[in-house]
Amino acid sequence: MKKILFILLLPALLLASCKDQNNTVEEYADWQNKNEIAFKAKYSSAIASTTDNIDTIRCYSLENKKNPQPTDFVVVEKLTPESSIIKPDSKKGTPLFTDSISVSYRGRLLPSKSYSNGYVFDQSYTTEQYDSKIANPRKFVTKDLIPGFTSAIQKMHIGDHWIVYIPYQLAYGSTAQDNLPAYSMVTFDLVLEKYW
């Protein structure tokens, strides 16, 4: 009886697994091309910008590279919410490569079929928007992070709140990892809380 039940259920299981694979393919169809186009658009916007709200930062590991390419940069939008209180930093400098840091962040992929705002693949806070009163910052060593994240952190001051766009070359690369498809440009909503 168990054998017959298994044989009857096998086609349904196979169809279900095929369906999941097709959804994954559709969700991230032409993903590398979409991510390259999205990052080049952000990069071009930053280069053309006449305001201080968007900028590019060269990756720390490519400081001496001749003929830099757009993918050697991290694009940063500096957030300035009117409701914020600005106070002097207790430490005026920026973190070094070997410093420990405390950061609040949310990492997203590009918008896709199922995620209109982009799939959230990692975060330190779960509220819709960052709130310093209930944030749950995480601790890292700057050098242990992906190159684009490390590059941005080394330019930030305590309390800075940036949206950082990182090309896949300076993020997780061309290999899929856990819940991240290959060739993913990532966006981090990032706040540097402190460093030591």
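What's counted below: heavy atoms across the whole structure, side chains too, no hydrogens, waters or symmetry copies.
- Residue Asp55 holds its CG atom at 9.5 Å from NZ of Lys155, rounded to the nearest 0.5 Å.
- For the residue pair Phe39 and Pro167, the shortest heavy atom distance occurs at CE1-CD, 3.4 Å.
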Test log, rule side-chain hydrogen bond (donor to acceptor under 3.5 Å, both in side chains), inputs Ser104 and Glu193: CA-CA 7 Å; Ser104 295; Glu193 306 286 356; 2.7 Å; yes
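- Under the 4.5 Å side-chain criterion, counting only non-hydrogen atoms from C-beta, Lys113 is not in contact with Tyr28.
- Counting heavy atoms from C-beta outward, Thr98 and Thr142 have side chains that stay 4.5 Å or more apart.
- Atoms SG and CZ, from Cys59 and Phe73 in turn, are 10.0 Å apart once rounded to the nearest 0.5 Å.
- Residues Thr56 and Ile47 are in side-chain contact: their nearest non-hydrogen atoms beyond the backbone lie under 4.5 Å apart.
- A distance of 10.5 Å separates CG of Asn136 from CD of Gln123, quoted to the nearest 0.5 Å.
- Defined by atom type and a distance below 3.5 Å, a donor-acceptor pair is present between the side-chain atoms of Tyr165 and Glu77.
- Note on Val164: it clusters hydrophobically with Tyr43, by side-chain heavy-atom contacts below 4.5 Å among ILVMFWY residues.
- The shortest heavy-atom contact between Gln154 and Phe97 is OE1-N, 3.3 Å.
- Here the side chains of Val74 and Leu170 are in contact, with some heavy-atom distance below 4.5 Å.
- Heavy-atom neighbours of Lys34 NZ from other residues, nucleotides or ligands within 6.0 Å: above the threshold of 12.
- A side-chain donor-acceptor contact under 3.5 Å links Arg106 to the backbone of Glu128.
- Residue Tyr168 comes nearest to Gln32 through the heavy atom pair OH-NE2, 3.3 Å, listed as atom of the first residue, atom of the second, then distance.
- Using a 4.5 Å cut-off between side-chain heavy atoms of Ile, Leu, Val, Met, Phe, Trp and Tyr, with links allowed through other members, Ile146 and Trp162 fall into the same hydrophobic cluster.
- Looking only at distances, no side-chain donor or acceptor of Asn33 sits under 3.5 Å from a matching main-chain atom of Asp30.
- In this structure, Leu96 shares a hydrophobic cluster with no other residue, the cluster being traced through Ile, Leu, Val, Met, Phe, Trp and Tyr side chains under 4.5 angstrom apart.
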Would you mind writing out the side-chain donor-acceptor pairs for residues 180-192 within the sub-3.5 Å range, not counting sequence neighbours?
unit_1	atom_1	unit_2	atom_2	d
Ser184	OG	Trp31	NE1	2.8
Ser184	OG	Pro181	O	2.7
Asp189	OD1	His161	NE2	2.5
Asp189	OD2	Tyr125	OH	3.4

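- In this structure, Val103 and Pro137 have side chains that are not in contact, with every pair of non-hydrogen atoms separated by 4.5 Å or more.
- Between Ile101 atom CD1 and Tyr195 atom OH the span is 11.5 Å, to the nearest 0.5 Å.
- Shown here for Ile153 and Pro95, the closest heavy-atom pair between the two residues is O-CD, 3.3 Å.
- Panel note: side chain Ser45, backbone Ala41; no donor-acceptor pair is recorded below 3.5 Å.
- Nearest heavy atoms, Val120 versus Arg108: CG2-NH1, 3.3 Å.
- One distance of note links NE2 of His157 with OG1 of Thr94; it measures 5.5 Å at 0.5 Å rounding.
- Looking only at side-chain heavy atoms (C-beta outward), Trp196 and Lys139 come within less than 4.5 Å of each other.
- The shortest distance between side-chain heavy atoms of Phe140 and Tyr105 falls below 4.5 Å.
- Taking CD of Glu27 as the reference point, atom CG of Leu109 lies at 9.5 Å (rounded to 0.5 Å).
- Annotation: side chain of Val76 is not in contact with side chain of Ile163 (no heavy-atom distance under 4.5 Å).
- Contact check on Asp122 versus Arg138 returns a salt bridge, with a Lys/Arg side-chain nitrogen under 4.0 Å from an Asp/Glu carboxylate oxygen.
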